[in-house]
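This is the structure I want to talk about, given as structure tokens.
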Amino acid sequence: MMELREENRGQGAQGEGEKGWEGQPFELEGFLSAERRRVEAALEAALEELLPLFPPSTRDAVRWGVAGGGKRLRPILCAAAYHAGGGEHHAIYALAVSLELIHAYSLIHDDLPCMDDAAVRRGLPAVHRQFGEKVAAVAGALLIPAALLQAWRGARELGLPPEKARGILEELSRAAGAGGMVGGQVLDLLGEGQALSAAELEELHRRKTGALLRAALRMGGMAAGLDGPQLEALEQYGAAVGLAFQIADDVLDATSTLAALGKEPSDAALGKSTYVALWGLEEARSRARWWAREAVEALRSAGVSSPALMALAGYVVSRRS
Ligand code: GRG
């Protein structure tokens, strides 16, 4: 992981010209909508295969939890990393949606009354509000093995040999597990009502949100056959974008509305530590941009050329939802 000195992270990094992502023209909106269409089609194909395996009483809840309205950032990043590595096979989207299935499970469980007790998600009633708590717990749990099965199928559809497919599954499992997302969620729950330090908050978010984003980049790069410094650069990009994403998320939570976000701004109400509480709005915005530039710089310095990934780093900090 790259060395980043605390004193360089804030105001001192204001000058976007030095490492800006704006350097190359890129039609982000068209790219995002085309990518989202591909992801939605791959998700639909995955659900068609997976839903018949699930108990009938859970199928509508699973579909609700996976349904549209999400940004589909993780699969889009995975596919962009694959394309940055020279991959060209359409089956990358079948692999990439495994990340979205893990993400969907995490949102369903995160919204449960025993976690954040959220009523609304992606502009709709949360799964537990629509289908009840028990069905929501089961729907989320079903998505975990389903995601691994989907990752396996996607990797094999890409024509990857079993040992490469196994490595990709290991990435996804590790990112979702105790050292990654679930471990981060535990830190989040333990930290409620406490004022976490900047270092504690960063560790929490590197795991809770960052691990899956990092895995998205690594899985795409591995599927394209990358290794060594280029794969490492994608991982560094993923780690930096993960922090940029989370700081921007805290800014949105503090400044946006249910209508714009599709979910209740809730961190302060739940007694969670946030980057906005720690640094204030302007400093948080500045640090989010700093991390986004670090992400771009990681690619540049390893010679990974990807206008899409560069533009996505900017999107992560300029998004409105
Ligand atoms: C059993 C302890 C235990 C944990 C279960 C619930 C859980 C695992 C993990 C929660 C982790 C979590 C919810 C991370 C996501 C944080 C986050 C910023 C989500 C929003 O992501 P976006 O903005 O959402 O990409 P969309 O809706 O666009 O997909």
Side-chain angles (χ1 to χ4, degrees), residues 39-68 70 72-75 77-79 91-112 114-115 121-122 126-128 130-186 207-220 222-223:
V39 169
E40 297 301 335
L43 269 174
E44 190 51 43
L47 286 177
E48 265 173 41
E49 295 266 336
L50 295 165
L51 285 176
L53 308 175
F54 296 168
S57 58
T58 64
R59 289 177 195 159
D60 288 347
V62 170
R63 202 174 253 296
W64 189 276
V66 175
R72 310 310 195 194
L73 182 61
R74 293 146 192 86
L77 284 169
C78 179
I92 188 58
Y93 295 97
L95 172 64
V97 296
S98 63
L99 290 148
E100 188 68 21
L101 298 178
I102 291 287
H103 175 58
Y105 124 71
S106 81
L107 299 182
I108 295 171
H109 279 193
D110 198 42
D111 290 343
L112 286 171
C114 62
M115 300 267 177
R121 171 69 66 180
R122 294 173 173 168
V127 176
H128 70 94
Q130 187 71 16
F131 299 93
E133 208 174 324
K134 286 180 187 163
V135 173
V138 174
L142 284 166
L143 281 167
I144 305 168
L148 296 175
L149 186 57
Q150 180 62 27
W152 178 256
R153 284 189 178 139
R156 298 297 283 150
E157 211 180 310
L158 273 166
L160 300 179
E163 65 278 12
K164 287 227 163 182
R166 195 191 66 79
I168 285 175
L169 255 79
E170 192 175 336
E171 285 295 325
L172 185 59
S173 312
R174 283 188 190 282
M181 190 178 72
V182 171
Q185 177 78 349
V186 171
R207 291 162 77 170
K208 181 179 155 185
T209 317
L212 205 55
L213 290 167
R214 226 164 42 237
L217 275 294
R218 279 187 61 86
M219 286 166 63
M222 288 163 79

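Nothing here was measured: the structure is a model prediction, and the numbers come from that model. Computed from heavy atoms alone, side chains included, the values below leave out hydrogens, waters and symmetry copies.
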Rounded to the nearest 0.5 Å, the OG atom of Ser98 sits from the CD atom of Glu171 at a distance of 11.5 Å
When rounded to the nearest 0.5 angstrom, what is the spacing between CG in Leu73 and OG1 in Thr209?
-> 11.0 Å
Counting only pairs under 3.5 Å, give me each side-chain donor-acceptor contact of residues 48-55, with atom names and distances, residues two or more places apart or in other chains.
none

Roughly how far apart are Ser57 OG and Phe131 CZ, rounded to 0.5 Å?
-> 11.0 Å
Take Gln185 and Arg207 through the side-chain contact (heavy atoms from CB on, under 4.5 Å) test and state the conclusion after the steps.
-> CA-CA 8 Å; Gln185 177 78 349; Arg207 291 162 77 170; over 6 Å; no
Do Arg218 and Glu170 meet the salt-bridge criterion of a basic N to acidic O distance under 4.0 Å?
-> no
Who are the ring pair (Phe, Tyr, Trp, His ring centres under 6.0 Å) partners of His109, not counting sequence neighbours?
-> Tyr105
Answer yes or no: does atom CZ of Arg59 have more than 12 heavy-atom neighbours from other residues, nucleotides or ligands under 6.0 Å?
-> yes
For Arg74, the side-chain hydrogen bond (donor to acceptor under 3.5 Å, both in side chains) test, sequence neighbours excluded, returns His103
Kindly indicate whether the side chain of Arg121, heavy atoms from C-beta on, has any atom under 4.5 Å from the side chain of Ile108.
-> no
Residues in side-chain hydrogen bond (donor to acceptor under 3.5 Å, both in side chains) contact with Gln130, at least two apart in sequence or another chain = none
Is a side-chain donor or acceptor of His128 paired with a backbone partner of Asp111 at a separation under 3.5 angstrom?
-> yes
Heavy-atom distance under 4.5 Å between the side chains of Leu217 and Leu213, does that happen here?
-> no
Return the minimal non-hydrogen interatomic distance between Ala104 and Gly65, and the atom names on each side.
-> CB-O, 3.7 Å
Who passes side-chain hydrogen bond (donor to acceptor under 3.5 Å, both in side chains) against Arg72, sequence neighbours left out?
-> Glu40, Glu100
Atom pairs and distances, side-chain donor-acceptor, residues 133-160, under 3.5 Å, sequence neighbours left out:
residue: Gln150; atom: NE2; partner: Ala94; partner atom: O; Å: 2.9
residue: Arg156; atom: NH1; partner: Leu160; partner atom: O; Å: 2.8

Tell me, do Leu47 and Val66 make a side-chain contact under 4.5 Å, heavy atoms counted?
-> yes
Measure the CG-CE distance between Leu212 and Met219 for me, rounded to the nearest 0.5 Å.
-> 8.5 Å
Nearest heavy-atom neighbours spanning Met181 and Ile102 = CE-CG2, 3.9 Å
